[in-house]
Amino acid sequence: MDNTASQTEPVIEANEPNSPSDFIRDAIKQDLAEGRFNHVHTRFPPEPNAYLHIGHAKAVWIDYGIAKEFGGKFNLRFDDTNPTREDQEFVDAILEDVKWLGADWEENLYFASDYFDQMYEWAVDLIKKGKAYVCDLSPEELSKTRGTLTSPGIESPYRDRSVEENLDLFARMKAGEFPDGARTLRAKIDMTSPNIVMRDPFMYRIRHTDHHRQGDKWCIYPSYDWAHGLEDSIEGVTHSLCSLEYEIHRPLYDWFLEELGIYHPRQIEFARLKLPYTVMSKRRFIELVNDNHVDGYDDPRMPTLAGLRRRGYTPEAIAEFCRRIGIAKSDSTIEWHLLEDCVREDLNKRAQRVMAVMNPIKVVITNYPEGQSEMVDAINNPENADAGTRKVPFSRELYLEQDDFREVPPPKFFRLTPGREVRLRYGYFIKCNEVIKDENGEIVELHCTYDPETRGGNAPDGRKVKATLHWVSAEHALEAEVRLYEHLFVKEDPDDVPEGKDYIYNLNPESKTITKCWIEPSVADTVPGDRYQFERLGYFCVDKSSTSQHLIFNRTVALRDSWAKIEKAK
RNA sequence: UGCCGGAUAGCUCAAUUGGCAGAGCGCCUGACUCUGAAUCAGGAGGUUCUAGGUUCAAGCCCUAGUCUGGCAGCCA
């Protein structure tokens, strides 16, 4: 068979100096070198029955990334072969997610259901070749005769029907003469195969269910194993990349294509992505959402792309993450840390800086005139001069972060403490003179003095301070809601539960904390999706439910904090 | 006990035809700094799962074993 015939694309090899190397790319280069294929064509084939998650992002970047690198084509194809689970809602959501990720399918958007006629014809071909038969076994009987992992199955009593009878029965299955589950079309392979997948797998089942795209045209629907290779073949895909669980299905993928004698793509499998402290299955997403353990598929704690997007993750960060984890055949669990590091790296370069105080302590600048205020210049992004500057109001009463003051400073603490001078970022040097407490001994405010000569944050006499603190003017600050997130589960493996419990038992009751912050007024007109760095605190993204009357920020990720590490080490 | 995979630094991965085990991230130290951030420099970190074998030479090839993932939906 000529595997290079269907398309004649120029061969472009991925020889850029920084192009990644892995076993799949190596295999593709070899295929190109040996002439098995003369171009590269991949596909991402989601079933429209759920929201995409970070694991799908990995698959998209493998499929799309490799196609791009080799100057090839990339198809987005909905594998919509089971109408009982699928819906247009998911098609729309997936389209949005893939587009957001940055994978451009151009005009190559396909639906497996568009190939149902062709698949049916091929099934008829296989029947005519004596390679497929209609089986009347019930689902229960079928599973009983399939055998086990260690023992062979037994042949169906309907296995040796005549071609004519099979053709007739199959046509009547299609015509809707039989109820759901009454019969299947099965491939005639080998009931004793050590690979259970090869024990006369079913190709079609009867489902009197309308399809979200085909309506009531069909009442028989193809199985994954039967359909997938055909879809790849029809589209001229060269490399059908999928996760390891399909490795055992490859012989069947090859068998159908070989028996049909049609264009034969190559399936290659890779390890799927696993992350600790979360779950990544469609069924569990549905449970978490339906039982209100999370606030929808786009809850910022969810590993869905919609959730990560709402959390503030950028597609660039996700792409970088996928690049860093690479592709392998060994199962592995990637630390969240790596994903977080990727967003920090991306957001550091692009996020607008802003000052916000989350746990305020009031500071009165005793030598600053009452009723006066002024605007100081602040840099929007030190990593990007083009981002410009903004004005931030300074006045007599400020809020500082509680963590930035210690009445009795521990060793190596160089923030504000009685008698010590520090800098207020873009403001003035201040010195703490007095700690005001209530009757319970709790600190209620600090009395400080400022040095008017240090306006903007520099001392004309060149004296240095050891700390620069963020602050907001009490009178001008806007109050906003902030939502802090932790892992959804308390255990690395949510399935690690006591007898009789399930993964829900491991939900982290503290995965979401709603609190407040006081933030500089420059963010008054911010809109959902805007991302900021709250200086010295972390990256935050404006939630979709945020309004100018009620600002809501999701913390994407905190900044690295080496002081916290020092403290924790004690 | 069947079949198909996997095992190299804390984590993720590399290592042409067998030829001195490397990188990124993390960690430690230093420099710099109006974010204890970022950036830059340096450093530590390995019985390549185990036991044999082939070879001048084995992470790689062979044998046996250990551990580990997937597979018995009319799901994909």
Side-chain angles (χ1 to χ4, degrees), chain A residues 20-22 26 45-47 49-50 79-82 84-86 135 137-140 142-144 146-153 180-186 193-199 201-207 220-221 223-225 227-228 242-251 269 271-272 274 282-283 323-335 337-338 341-342 344-345 348-349 353 355 378-379 382-383 412-415 422-427 429 454 456-458 464-470 533-538 558-566:
Chain A
S21 166
D22 53 65
D26 289 348
E47 185 189 13
N49 70 343
D79 201 4
D80 53 352
T81 56
N82 184 355
T84 62
R85 305 147 48 104
E86 297 156 8
C135 179
L137 256 24
S138 68
E140 299 74 38
L142 205 165
S143 89
K144 243 184 281 172
R146 194 177 358 249
T148 69
L149 292 175
T150 50
S151 65
D180 287 3
R183 296 177 214 264
T184 55
L185 183 71
R186 292 225 261 162
S193 171
N195 183 350
I196 289 180
V197 170
M198 300 297 276
R199 320 239 259 231
F202 85 94
M203 295 161 61
Y204 280 94
R205 75 282 223 185
I206 299 172
R207 281 286 146 77
I220 55 170
Y221 291 96
S223 69
Y224 169 86
D225 285 312
H228 205 85
C242 59
S243 51
L244 244 30
E245 56 194 306
Y246 295 105
E247 199 162 28
I248 200 160
H249 294 249
R250 192 188 336 127
E269 313 84 13
R272 58 161 56 182
K274 275 195 289 188
K282 299 168 181 179
R283 201 196 92 234
R323 192 192 66 75
R324 286 192 199 175
I325 60 178
I327 317 173
K329 291 191 79 163
S330 51
D331 290 304
S332 56
T333 303
I334 311 288
E335 299 164 2
H337 170 87
L338 195 59
D341 189 57
C342 291
R344 285 198 196 96
E345 181 180 285
N348 176 49
K349 286 182 290 200
R353 268 60 169 178
M355 289 194 286
I379 294 167
E383 305 288 324
K412 290 187 186 166
F413 182 88
F414 42 82
R415 276 114 93 145
V422 299
R423 171 167 43 230
L424 296 184
R425 180 150 233 225
Y426 305 124
F429 284 13
T454 58
N458 285 303
K464 300 285 185 193
V465 288
K466 290 200 76 177
T468 299
L469 310 182
H470 62 276
Q533 184 198 89
F534 290 5
E535 294 219 28
R536 304 208 305 135
L537 295 178
L559 249 35
R560 284 201 190 89
D561 187 347
S562 53
W563 166 243
K565 218 181 289 177
I566 292 171

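Every value quoted in this text rests on a predicted model; they were computed, and no experiment measured them. To find a chain, count down the sequence lines: A is the first, B the second, and so on, and within it residues start at 1.
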Q) Which string of ( ) [ ] | and . matches RNA chain B, if you list each base 5' to 3' and count Watson-Crick or G-U pairs only when both distances are under 3.5 Å? A) .((((((..((((.....[..)))).(((((.......))))).....(((((..]....))))))))))).....

Base, sugar-phosphate alone, or nothing: which one does [X] contact when heavy atoms must sit under 4.0 Å apart?
{"X": "A/Thr333", "answer": "sugar-phosphate"}
{"X": "A/Glu269", "answer": "nothing"}
{"X": "A/Phe429", "answer": "nothing"}
{"X": "A/Arg199", "answer": "nothing"}

Distance check needed: [N] [atom2] versus [X] [atom1], whole Å only.
{"X": "A/Leu338", "N": "B/C25", "atom1": "CG", "atom2": "C1'", "answer": "6 Å"}
{"X": "A/Glu535", "N": "B/U33", "atom1": "CD", "atom2": "C1'", "answer": "13 Å"}
{"X": "A/His337", "N": "B/G26", "atom1": "NE2", "atom2": "P", "answer": "5 Å"}
{"X": "A/Arg415", "N": "B/U35", "atom1": "CZ", "atom2": "C1'", "answer": "10 Å"}
{"X": "A/Leu424", "N": "B/U35", "atom1": "CG", "atom2": "P", "answer": "13 Å"}
{"X": "A/Glu335", "N": "B/C13", "atom1": "CD", "atom2": "P", "answer": "12 Å"}

Residues in side-chain hydrogen bond (donor to acceptor under 3.5 Å, both in side chains) with [X], at least two apart?
{"X": "A/Thr333", "answer": "none"}
{"X": "A/Arg415", "answer": "A/Asp404"}
{"X": "A/Arg183", "answer": "A/Asp136"}
{"X": "A/Lys466", "answer": "none"}

(Q) Applying salt bridge (charged side-chain N to carboxylate O under 4.0 Å, His left out), can you list everything that pairs with A/Glu345, at least two apart in sequence or on another chain? (A)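 A/Arg324.
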
Q: Mind checking ring-ring contact (aromatic ring centres under 6.0 Å, His included) for A/Tyr426 and listing every partner two or more places apart, or none if nothing turns up?
A: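 A/Tyr426 satisfies ring-ring contact (aromatic ring centres under 6.0 Å, His included) with no residue once adjacent residues are dropped.
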
(Q) For A/His228, give me all partners under ring-ring contact (aromatic ring centres under 6.0 Å, His included), at least two apart in sequence or on another chain. (A)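 So A/His228 forms a ring-ring contact (aromatic ring centres under 6.0 Å, His included) with A/Tyr224.
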
Q: Would you mind telling me which residue lines up with the more 5' stretch of RNA chain B, A/Ile325 or A/Thr150, judged by nearest nucleotide?
A: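 This one resolves to A/Thr150.
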
Which nucleotide sits closest to the side chain of [X]: [options]?
{"X": "A/Leu559", "options": "B/C25, B/G36, B/A37", "result": "B/A37"}
{"X": "A/Lys565", "options": "B/G5, B/C25, B/C27", "result": "B/C27"}
{"X": "A/Ile566", "options": "B/U12, B/U35, B/G36", "result": "B/G36"}
{"X": "A/Ser562", "options": "B/A37, B/C25, B/U35", "result": "B/A37"}

Protein-nucleotides 14-16 of chain B N/O pairs closer than 3.5 Å?
from  : atom 1 : to       : atom 2 : distance (Å)
B/A14 : OP1    : A/Ile327 : O      : 3.4

Q. Considering residues at least two apart in sequence or located in another chain, which fulfil the side-chain contact (heavy atoms from CB on, under 4.5 Å) criterion with A/Ser143?
A.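 Testing A/Ser143 for side-chain contact (heavy atoms from CB on, under 4.5 Å), a comparison that skips the adjacent residues, returns A/Arg146.
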
Might you list the N or O atoms of the protein lying below 3.5 Å from N or O atoms in nucleotides 43-47 of chain B, with each pair's distance?
none

Q) In the 5'-to-3' direction, what one-character label does each nucleotide of nucleotides 65-76 of chain B receive under the scheme B = base within less than 4.0 Å of a protein heavy atom, S = sugar-phosphate only, - = no such atom? A) ----SBBBSBBB

